[in-house]
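Inspection log for the structure reproduced underneath, given as structure tokens.
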Number of protein chains: 2
Amino acid sequence: MDIERRLQEAGIKPTAQRLTICRYVLEEANHPTADDVKSWMDQNFPKVSLATVYNTLNLLVEHGIVQELRLPHDGRVVFDMNTGPHHHFLDEDTGELVDLDPSQLKVEHRLGSEFDIRQVQAVLIGRKKKR
Amino acid sequence: MDIERRLQEAGIKPTAQRLTICRYVLEEANHPTADDVKSWMDQNFPKVSLATVYNTLNLLVEHGIVQELRLPHDGRVVFDMNTGPHHHFLDEDTGELVDLDPSQLKVEHRLGSEFDIRQVQAVLIGRKKKR
DNA sequence: ATGATTGCAAATGATTTGCATCATA
DNA sequence: TATGATGCAAATCATTTGCAATCAT
């Protein structure tokens, strides 16, 4: 799909650096950190500043184009192009992060009606056997 | 229960500062951050250093006496005296964090047998209506 | 030229580390 | 007195901010 249009529809001016960041985050990367984005940019768009990387990622989050995720094992934020409701599996050996859609994982709660639940985030942590 | 004994059984020398930190974290506090512990200590044990607070909390985590938790809305670590399997509700207005035991929240997954799941962490985010 | 965007460097916040001092077995 | 614990300050890591230079409209 057309990234330029997506940005424009969100009211974000599609500058060269923003488009390049989006190409990576939306089409190529898998749950990158800001630092992953910066490293990739260093090789594909010389001279972007780290500030621009953060500014752009935060813009994308504010406009719902990506989601930010904080995982239990690491204080850093990772960015997820999948903005629908879903959960995650984290491989504790490799750090690999796999999206789990709601059909693969269900969360059921019995909280009283005074709890107004807006969001559910589950993380399964373990190992994926190579076979 | 006897905190001094608990530390000794874990092989941790029960110094005055450690005992005082434990009294707060294990008996009084509710999901405190390192900074919460430091503030409380400032009023109950003048002159503890922040380093000692962190060292002690990390010791407690290493010995399984408390659990560390990283929540989605905030990069800081919070410490949980409840070390059994349980989940959390986070009030997005107040920041209040409530433990949910497994009878209140169930996570079911249909992942292939190549996934060896060791840990499940669910966070429900929303509001608790005051009534 | 006007306002938005960028890059740089300095600031911030959380946590860790190095090291000299201190307490206690 | 030897080992380990503490306090302090400096270091580190992730992220944010201020501001001047630059770009696009």
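In what follows, every chain begins at residue 1, and chains take the letters A, B, ... in the order their sequences are listed.
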D/dA5 phosphate, OP1 or OP2, under 4.0 Å from B/R18 side-chain N/O: yes
Atom-pair distance (CZ on A/R76; P on C/dA14), nearest Å: 19 Å
Touch class at under 4.0 angstrom, heavy-atom based, for A/D35 against every strand present: nothing
Whole-Å gap separating P (C/dG18) and CG (B/N55): 12 Å
Short side-chain N/O contact to C/dT16 OP1/OP2 from B/N58, under 4.0 Å: yes
Any B/T15 side-chain N or O less than 4.0 Å from OP1/OP2 of C/dT24: no
Side chains of A/L26 and A/I65 in contact at under 4.5 Å (non-hydrogen atoms): yes
Atom pair distance, as rounded to whole Å: NZ in B/K38 and P in C/dT16: 16 Å
d(CG, B/L57; C1', C/dT17) in whole Å: 17 Å
Parallel, tilted or perpendicular: ring planes of B/F115 versus A/F89, cut at 30 and 60 degrees: perpendicular
Nucleotide D/dA14, atom C1' - distance to CZ of B/R70 in whole Å: 12 Å
d(CG, A/L50; P, C/dA11) in whole Å: 17 Å
First of B/K13 and B/T33 reached from the 5' end of DNA chain C, by closest nucleotide: B/T33
Donor-acceptor pair between B/S39 and B/D36 side chains, under 3.5 angstrom: no
Phosphate-side-chain proximity, B/Y54 and C/dT16, N/O vs OP1/OP2 below 4.0 Å: no
Flag if over 12 foreign heavy atoms under 6.0 Å of CZ, B/R5: no
Rounded distance in Å - CG (B/L69) to P (C/dA14): 17 Å
Residue-phosphate contact under 4.0 Å: A/T52 side-chain N/O, C/dT6 OP1/OP2: no
d(CD, A/E62; P, C/dT5) in whole Å: 12 Å
N/O (side chain, B/Q17) to phosphate O (OP1/OP2, D/dG7) under 4.0 Å: yes
Minimum-distance nucleotide (side-chain atoms of A/S49 versus C/dC8, D/dT17, D/dC8): C/dC8
Other residues, nucleotides, ligands: >12 heavy atoms within 6.0 Å of A/R110 CZ: no
